**Q** 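This is the structure, below, for whatever I ask next.
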Amino acid sequence: MTKEREDRARNHVAKILGDLFYVKEEVPGSWPVDGRNLRLDLLLRPNEKARSMGFDVDAFGIELKDPQSNESVKKYLDCVIQAYTYTLCEFDGMRPSFVLIYPQKEKFFEHDWKNKYSSSENEKPNRREMSIVGRLMQRANVGELLLTDEKIQIEFGGARFFDSVKGRSKVKGLGIKRQVGSQKY
């Protein structure tokens with residue numbers, strides 16, 4: 001993402017989420033294995049309004065990526081790994097419970113289909129492919145941020161974690177239980 005496009009996207013997302021969350025931009029952090037310096041696009045903590053809607057997570061992150069790329073889906077998959085590893089890191093003294101990617105995966109698959117594969121029906125991305133990616137993300141504490149004119153929604157594997165109209169989902173542990181091997185902790 002160009003600096004200008006990233007700044008515009010970050011400002012847009014921060015402005016919309018500012019009603020429910022305290023937002024910090026470009027937050028420095030470090031990888032616990034070797035102390036390597038990192039930067040998280042957005043670190044968010046719920047304000048009282050979000051907490052009154054059941055938002056029970058102390059901190060989470062958001063990584064912004066531009067779907068307009070020569071290898072858009074590969075870029076998205078790299079971002080999934082980046083977001084997962086960021087859930088293991090500390091930013092501003094906090095470890096995010098999960099990290100969201102914005103925009104949602106469909107934008108990346110569609111961009112590749114239109115631009116890399118010239119909208120060939122043989123190469124059209126299908127729901128199954130995107131569902132597999134979503135399942136992997138869910139188990140890695142990586143979700144998606146969906147923004148519409150009407151609401152903010154946080155999803156993991158297509159399941160609603162929170163939205164600005166309905167509040168927090170009643171599904172326990174969605175997006176926040178740690179996966180170690182095949183076990184949930």
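Because the structure is predicted, anything quoted here is derived from the model rather than measured.
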**Q** Kindly give the heavy-atom pair with the smallest separation between K105 and E144, and that separation in Å.
**A** N-OE2, 2.6 Å
**Q** Between Y84 and V99, does a side-chain contact (heavy atoms from CB on, under 4.5 Å) hold up when you go through it step by step?
**A** CA-CA 7 Å; Y84 166 67; V99 175; over 6 Å; no
**Q** What are the two closest heavy atoms between I152 and L147, and how far apart are they?
**A** CG1-CD2, 3.9 Å
**Q** Look up atom CD in Q138 and atom OG in S131, then write down how far apart they are to the nearest 0.5 Å.
**A** 9.5 Å
**Q** Within this structure, what is the CG-CD1 distance for the pair L145 and I101, rounded to the nearest 0.5 Å?
**A** 11.0 Å
**Q** Measure from the side-chain N and O atoms of N47 to the backbone N and O of D19, and report whether any donor-acceptor pair falls under 3.5 Å.
**A** yes
**Q** Drop me the distance from Q82's CD to L77's CG, to the nearest 0.5 angstrom.
**A** 12.5 Å
**Q** Flag yes if F156 and I81 sit in one hydrophobic cluster, no otherwise; membership is Ile, Leu, Val, Met, Phe, Trp, Tyr, and two members link when side-chain heavy atoms are under 4.5 Å apart.
**A** no
**Q** Which pair of non-hydrogen atoms, one from L64 and one from A9, has the smallest distance, and what is that distance?
**A** CD1-C, 4.3 Å
**Q** What do the steps show when you test D56 against R168 for salt bridge (Lys or Arg N to Asp or Glu O under 4.0 Å), and what is the final call?
**A** CA-CA 8 Å; D56 56 352; R168 174 75 158 87; 3.0 Å; yes
**Q** I'd like to check the salt bridge (charged side-chain N to carboxylate O under 4.0 Å, His left out) partners of D78; sequence neighbours left out, ordered by chain and number.
**A** none
**Q** Looking at every non-hydrogen atom in both residues, tell me the closest pair between G35 and S30 and how far apart they are.
**A** O-CB, 3.9 Å
**Q** Test your reading of the model: is there a side-chain donor-acceptor pair from D92 to the backbone of P28, 3.5 Å cut-off?
**A** no
**Q** Report the distance from atom SG of C79 to atom OH of Y86, rounding to the nearest 0.5 Å.
**A** 9.0 Å
**Q** List the residues meeting ring pair (Phe, Tyr, Trp, His ring centres under 6.0 Å) with F162, not counting sequence neighbours, and say none if there are none.
**A** F55
**Q** Report yes if the side chains of W31 and L38 come closer than 4.5 Å at any heavy-atom pair, otherwise no.
**A** yes
**Q** Once side chain to side chain contact (heavy atoms under 4.5 Å, CB included) is applied, do any residues pair with Q153, and if so which ones, sequence neighbours excluded?
**A** L146, K151, E155, R160, D163
**Q** Considering non-hydrogen atoms only, spot the tightest contact between P103 and Y76 and give its length.
**A** O-CE1, 4.1 Å
**Q** Who are the salt bridge (charged side-chain N to carboxylate O under 4.0 Å, His left out) partners of R10, not counting sequence neighbours?
**A** E6, D7, E25, E26
**Q** Might you work through the side-chain contact (heavy atoms from CB on, under 4.5 Å) test for F21 and I62, ending with a clear yes or no?
**A** CA-CA 12 Å; F21 303 98; I62 297 177; over 6 Å; no
**Q** Salt-bridge test for R45 and D58: reply yes if a basic N is under 4.0 Å from a carboxylate O, no otherwise.
**A** no
**Q** In terms of hydrophobic clustering (I, L, V, M, F, W, Y; side-chain heavy atoms under 4.5 Å; direct or indirect links), are V171 and F161 co-clustered?
**A** yes
**Q** Distance check, rounded to the nearest 0.5 Å: S164 atom OG versus M53 atom CE?
**A** 6.0 Å
**Q** Does R95 have any salt bridge (charged side-chain N to carboxylate O under 4.0 Å, His left out) partners at least two apart in sequence or in another chain, and if so, which?
**A** none
**Q** Report the residues that fulfil salt bridge (charged side-chain N to carboxylate O under 4.0 Å, His left out) with D149, sequence neighbours left out, ordered by chain and then residue number.
**A** none
**Q** One pair to check against side-chain contact (heavy atoms from CB on, under 4.5 Å): I176 and F98. What are the steps and the verdict?
**A** CA-CA 6 Å; I176 55 177; F98 53 80; 3.7 Å; yes
**Q** With rounding to the nearest 0.5 Å, note down the distance linking OG in S169 to CD1 in I154.
**A** 11.5 Å
**Q** State, to 0.1 Å, how close A59 and L43 come at their nearest heavy-atom pair, and which atoms those are.
**A** CB-CD1, 4.3 Å
**Q** In terms of hydrophobic clusters joined by side-chain contacts under 4.5 Å, are V33 and F91 together?
**A** yes
**Q** Please verify the inter-ring angle class for H12 with Y102; under 30° counts as parallel, over 60° as perpendicular, anything in between as tilted.
**A** tilted
**Q** Please report the C-alpha distance between F60 and L42 in whole Å, then the side-chain angles of each, then the deciding distance to 0.1 Å, and finally whether the side-chain contact (heavy atoms from CB on, under 4.5 Å) criterion is met.
**A** CA-CA 8 Å; F60 67 99; L42 298 170; over 6 Å; no
**Q** Transitively linked via ILVMFWY side-chain contacts under 4.5 Å: V80 with L88?
**A** yes
